[in-house]
*Asks:* 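Here it is, the structure, as structure tokens.
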Amino acid sequence: MIRTFVAVDIPVEFHATISMLQSKLIGSGLRPVDPSIVHITMKFLGDVDEAKLPEIISAIDRLDCPSFDSRISGMGAFPGMKNPRIVWLGASGDYSCLHEQLEDILSRIGFKKELRKFIPHVTLARTTYLSHVRKKELVSAIDSFRDFDVGLMNVHTVKLKKSTLTPKGPIYETLHEVDLP
């Protein structure tokens, strides 16, 4: 079994800015994501049998969405600012075609459709335990970057990735890429 997901990578040119933003949030109770592995998860597949990989690859090869521009901007938190668990940057652009097609083609080969509304985002950090004071500091920091613009990127490739969890954080390996027209 291997842990897998489908994602859009963030350009290398954005990594330094993401690192700078994370440095403004650093403090107790926060685990930042290594800027070199940040991405937009389009569909989390979970643990899959390696024998199913050819079927998954064949399915995502049928994606028929045009490439598009996406602006990475605006900081926020899930599930909300009252109880921030995940700190993120927003991703605007026409992700709906990719999301809808991935949900459709992958549901045909046994993956459940996601019931929650899809919100394209880049995860910057996850919280562990936040004291009341630390939560206020974090919310204030997030709020100060709510309109921050990282930049414009072109979404022209979707990747099937393997995730290996380690004590030092996940290691991602690209298993397959699909180029969008």
*Asks:* Which ring-ring contact (aromatic ring centres under 6.0 Å, His included) pairs, counting each pair once, include a residue from residues 10-34, with sequence neighbours left out?
*Replies:* none

*Asks:* Sub-3.5 Å donor-acceptor pair from the side chain of Ser73 to the main-chain atoms of Val150, do we have one?
*Replies:*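 Checking the backbone N and O of Val150 against the side chain of Ser73, no donor-acceptor pair under 3.5 Å is found.
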
*Asks:* Got a sec, which pairs hit disulfide (SG to SG under 2.5 Å) with one end in residues 149-181, sequence neighbours left out?
*Replies:*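 Every candidate disulfide (SG to SG under 2.5 Å) pair involving residues 149-181 fails, so no pair, neighbours aside, qualifies.
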
*Asks:* Give every residue pair that meets the salt bridge (Lys or Arg N to Asp or Glu O under 4.0 Å) criterion with at least one member in residues 147-158, sequence neighbours excluded.
*Replies:*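 Of all non-adjacent pairs touching residues 147-158, those that pass salt bridge (Lys or Arg N to Asp or Glu O under 4.0 Å) are Arg71-Asp149.
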
*Asks:* Could you list who else is in Phe78's hydrophobic cluster, with ILVMFWY side chains joined at under 4.5 Å, directly or through other members?
*Replies:* Ile86, Trp88, Ile119

*Asks:* Does some side-chain heavy atom of Thr157 sit less than 4.5 Å from a side-chain heavy atom of Leu180?
*Replies:*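 With C-beta onward as the side chain, the pair stays apart.
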
*Asks:* Please collect all disulfide (SG to SG under 2.5 Å) contacts where either partner lies in residues 100-137, sequence neighbours excluded, each pair once.
*Replies:* none

*Asks:* Taking ring-ring contact (aromatic ring centres under 6.0 Å, His included) as the cut-off, I'd like each qualifying pair that reaches into residues 148-168, sequence neighbours left out, listed once.
*Replies:*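 Matches after skipping sequence neighbours: Phe145-Phe148.
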
*Asks:* What ring-ring contact (aromatic ring centres under 6.0 Å, His included) pairs are there with at least one residue in residues 54-77, not counting sequence neighbours?
*Replies:* Phe68-Tyr95

*Asks:* What are the two closest heavy atoms between Ala7 and His39, and how far apart are they?
*Replies:* CB-CD2, 3.7 Å

*Asks:* Quick one: which residue pairs count as a salt bridge (Lys or Arg N to Asp or Glu O under 4.0 Å) with a foot in residues 19-42, not counting sequence neighbours?
*Replies:* none

*Asks:* Would you mind listing every salt bridge (Lys or Arg N to Asp or Glu O under 4.0 Å) that reaches into residues 84-105, with sequence neighbours excluded?
*Replies:* Lys43-Glu103, Asp104-Arg108

*Asks:* Side chains of Leu25 and Val87, heavy atoms from C-beta outward: is any pair under 4.5 Å?
*Replies:* yes

*Asks:* Does anything in residues 20-117 form a disulfide (SG to SG under 2.5 Å)? List the pairs, not counting sequence neighbours.
*Replies:* Cys65-Cys97

*Asks:* With sequence neighbours excluded, give me every disulfide (SG to SG under 2.5 Å) pair touching residues 101-181.
*Replies:*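 Passing the test, one end in residues 101-181: no pairs.
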
*Asks:* Are any non-hydrogen side-chain atoms of Leu45 and Arg3 less than 4.5 angstrom apart?
*Replies:* no

*Asks:* Not counting sequence neighbours, which residues clear side chain to side chain donor-acceptor pair (under 3.5 Å) with Lys162? List them please.
*Replies:* none

*Asks:* Salt bridge between Lys52 and Asp49, side-chain N to carboxylate O under 4.0 Å?
*Replies:*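 Salt bridge: no.
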
*Asks:* Is there side-chain contact between Leu138 and Lys136, with heavy atoms separated by less than 4.5 Å?
*Replies:*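 Answer no - side chains too far apart.
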
*Asks:* Looking at every heavy atom in both Gln22 and Leu124, which two are closest together, and how far apart are they?
*Replies:* NE2-O, 2.8 Å

